[in-house]
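Just below is one structure, and these are the notes that go with it.
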Number of protein chains: 2
Amino acid sequence: MEMRPRDEYKEQQIRQKAIEMIVAEGLDGFGINKLAKAAGVSPATIYIYHKDKEELISSLCVSVAEKMMAFSLQNFSPDMDFADGLRVQWRNRLKYFIQCPLDMEFIEIMRYTHFYEKVTAMLTVNFSEILGAFMRNAEGKKQLIPLPFEVYWAVAYAPLYQLIKFHNQGNSYVNSSFMLNDKLMEQTLGLVLKALKP
Amino acid sequence: MEMRPRDEYKEQQIRQKAIEMIVAEGLDGFGINKLAKAAGVSPATIYIYHKDKEELISSLCVSVAEKMMAFSLQNFSPDMDFADGLRVQWRNRLKYFIQCPLDMEFIEIMRYTHFYEKVTAMLTVNFSEILGAFMRNAEGKKQLIPLPFEVYWAVAYAPLYQLIKFHNQGNSYVNSSFMLNDKLMEQTLGLVLKALKP
DNA sequence: CAAATATAAGTGAGCGTTCGTTTATTTAAA
DNA sequence: TTTAAATAAACGAACGCTCACTTATATTTG
């Protein structure tokens, strides 16, 4: 006298198709009934796994952000040499965006919605502890100019994200077909290190 | 036998409240009936000035982008010295975001919707001509390392946008209250110039 | 110089549709 | 048989948008 087990594949499809739909059509083009059709389930099935639309999207944000952070910190330690540590982080983010391009775009869309507060709250804990420590260590070793955290972050990471943006939208302001590769990343990282080293 | 003149204030209110609403609640929280109430007009009045919801939003994107570009190119010329030219651009963008913070956030929200294609098309024309020329001139004068346009852009502008982002959301990953000011901007610009100069 | 007229601005009510969500029922594993 | 998963159908609410109508203004008319 036991219960019928959940079909994990269905929940997986719901999550996958939801991200695809939001990336393709934006948050305003996203709907529960549409999602149900795309995922091949009944609308009511979605409500077995999620309280409501709000909670579904929040849940997606959190799980994607967790995956991104796990990627980002692979083979990384706060006491690495500055140039090595920054290179590892850049490589990890590039690897993540090549392996999960939809996730990257999904997070960028969410950044300007009220959902992002939950992501920020999570990222703050980890990034402030680990990356804050990395920054302070590098400063101590005289491998990094002492800077306010925001200035450091803006110079150290924003250029990479901009390159990824150009890549994702397939073009920049002048090139009609831009593709990010290892050589371009390495060149940009070189400039950033030049800026940040004493 | 003449006509009743349009009340320009009404159209102005429609546009203003639309931007406020989208910034506050996102594209999915935006609606024609809600907008009509906020602007103090009838829903039907909106359709005197705009074909439909799509055209209204497109029109907002274009006019905001035009205003932003006009700001951005004030007192700027492609044949300025590199450091001076870049400083003028940074100052202009900062001035714009202080003077029109809603516009800035509006554009950022729109960046990840299908409306942004129209903005990109417009920006491409101007930015590629004027800023492309600025970059080539600076290279010719040996004031800028020769770089692919995307790498240049990512290093030269992305850090400023990141600082503005931190400011707009009121906090970064570690600071619970971050405010961008001239001194921080100048410090960051210094790093960027260091990276880009030969 | 009113009063009448023509024109377009502007509106309230409500159309048909789509939305997020729920209910009544069936299906499948234990 | 029991339990929960899963669904098809349908709900009220909210949506974008339109229609029949009123209001305001510039001109023409007497």
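Chain letters run A, B, ... following the sequence lines, proteins first, then strands; residues in each count from 1.
- At whole-Å resolution of the value, OH in A/Tyr9 and C1' in D/dA6 are 16 Å apart.
- The distance from atom CG of A/Asp7 to atom P of D/dA4 is 18 Å, rounded to the nearest whole Å.
- In this structure, CD1 of B/Ile46 is placed 9 Å from P of D/dG16, rounded to the nearest angstrom.
- Judged by distance alone, with hydrogens and angles left aside, B/Arg4 brings no side-chain donor or acceptor close enough to the base of D/dA24 to form a pair under 3.5 Å.
- Partners of A/Phe149 under the ring pair (Phe, Tyr, Trp, His ring centres under 6.0 Å) rule, at least two apart in sequence or in another chain, are A/Trp153.
- Aromatic ring orientation, B/Tyr157 versus B/Tyr152: perpendicular (interplanar angle above 60°, classes split at 30° and 60°).
- Rounded to whole Å, the distance from CG on B/Leu35 to C1' on D/dC17 is 14 Å.
- With sequence neighbours excluded, no residue forms a ring pair (Phe, Tyr, Trp, His ring centres under 6.0 Å) with A/Phe115.
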Where do N or O atoms of nucleotides 19-23 of chain C meet protein N or O atoms at under 3.5 Å, pair by pair?
residue: C/dG20; atom: OP1; partner: A/Lys53; partner atom: NZ; Å: 2.8
residue: C/dG20; atom: OP2; partner: A/Ile32; partner atom: N; Å: 2.7
residue: C/dG20; atom: N7; partner: A/Asn33; partner atom: ND2; Å: 3.3
residue: C/dT21; atom: OP2; partner: A/Tyr47; partner atom: OH; Å: 2.5
residue: C/dT21; atom: OP2; partner: A/Lys53; partner atom: N; Å: 2.9
residue: C/dT21; atom: O5'; partner: A/Tyr47; partner atom: OH; Å: 3.2
residue: C/dT21; atom: O4; partner: A/Asn33; partner atom: OD1; Å: 3.3

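- Remark: A/Arg87 engages A/Glu186 in a side chain to side chain donor-acceptor pair (under 3.5 Å) (not counting sequence neighbours).
- In this structure A/His167 satisfies the ring pair (Phe, Tyr, Trp, His ring centres under 6.0 Å) test together with A/Phe97, sequence neighbours excluded.
- Here salt bridge (charged side-chain N to carboxylate O under 4.0 Å, His left out) pairs that include residues 170-179 of chain A, with residues two or more places apart or in two chains, number zero.
- Among residues at least two apart or in separate chains, there is no side-chain hydrogen bond (donor to acceptor under 3.5 Å, both in side chains) pair with a member in residues 188-198 of chain A.
- Using a 4.0 Å cut-off, some side-chain N or O of B/Arg6 falls inside it from OP1 or OP2 of C/dA9.
- Residue pairs meeting the salt bridge (charged side-chain N to carboxylate O under 4.0 Å, His left out) criterion with at least one partner in residues 132-158 of chain A, sequence neighbours excluded, are A/Asp81-A/Lys141.
- Rounded to whole Å, the distance from CD1 on B/Ile48 to C1' on D/dC19 is 13 Å.
- Contacts between residues 10-17 of chain B and DNA chain D, counted as heavy-atom distances below 4.0 Å, involve no residue at all.
- Here C/dT18 presents its P atom at 14 Å from CD of A/Glu25, a figure rounded to the nearest Å.
- Aromatic ring pairs are classed by plane angle as parallel below 30°, tilted from 30° to 60° and perpendicular above 60°; the pair B/Phe71 and B/Tyr96 is tilted.
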